[in-house]
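Numbers for residues simply follow the sequence, beginning at 1.
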Amino acid sequence: MDLYIPVIALGVLAFGFAAFSVAMASLTGPKRWNRARLDAYECGIEPTPQPVGGGRFPIKYYLTAMLFIVFDIEIIFLYPWAVAFDRMGLFGLVEMVLFIVTVLVAYAYIWRRGGLEWD
C-alpha cells in the first residue's frame, strides 16, 4: 500500500486543483451576458448562420476531428513500437503493418469524403 500513496496523493492534488480552478472561475468571472458572448465562435470569422431551431452540422467538422484523432493515435502507437522494435522481432512488424493498414483505411475514407480539401 505504501507504493500507492504518492499516486493517490497526486490524484487528490489534481482533483483539488481542478475543483479550485472551476470554483474560482465561476466566482470571479464576469456575470454579464450579451449577444456577442452567446454567439458561436469560429476561429475569428463570422459564424455560419444556422436555421431556427438548430440545424445539421456539415460533415467537414467531424472529418477534421477524425483526421486529427487518426494521426494522433498513430503517433502514440508508433513511437513506443520504434523504441522497442528490435525486441519484438517479426511479430511486432506484422502487428504494426496491420495497424498501419487500418489507419490507412481511415485516411482513405477522409480523403474520399473531402476532408483534406480546405476551402
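Taking 4.5 Å as the limit, every side-chain heavy atom of Tyr109 sits out of range of all side-chain heavy atoms of Arg112. When side chains are defined from C-beta on, Met88 does not count as touching Phe91, because their heavy atoms never get closer than 4.5 Å. No side-chain heavy atom of Val103 sits less than 4.5 Å from a side-chain heavy atom of Ile73.
Each of Phe85, Tyr79, Phe77 was checked for a ring-ring contact (aromatic ring centres under 6.0 Å, His included) with Trp81, and the lone residue meeting it is Phe85. None of Val7, Ile8, Asp2 except one satisfies the side-chain contact (heavy atoms from CB on, under 4.5 Å) rule with Ile5; the exception is Asp2.
In the hydrophobic clustering of this structure, Val105 does not group with Val94; members are Ile, Leu, Val, Met, Phe, Trp, Tyr whose side-chain heavy atoms approach within less than 4.5 Å, directly or through other members. In the hydrophobic clustering of ILVMFWY residues, with side-chain heavy atoms under 4.5 Å counting as a link, Ile75 and Leu67 come out apart. Leu90 and Val83 are not part of a single hydrophobic cluster, where members link through side-chain heavy atoms under 4.5 Å apart. Taken together through direct or relayed side-chain contacts under 4.5 Å among Ile, Leu, Val, Met, Phe, Trp and Tyr, Phe15 and Leu13 form parts of separate hydrophobic clusters. Hydrophobic clustering (side-chain heavy atoms under 4.5 Å, transitive across Ile, Leu, Val, Met, Phe, Trp, Tyr) groups Leu104 together with Ile69.
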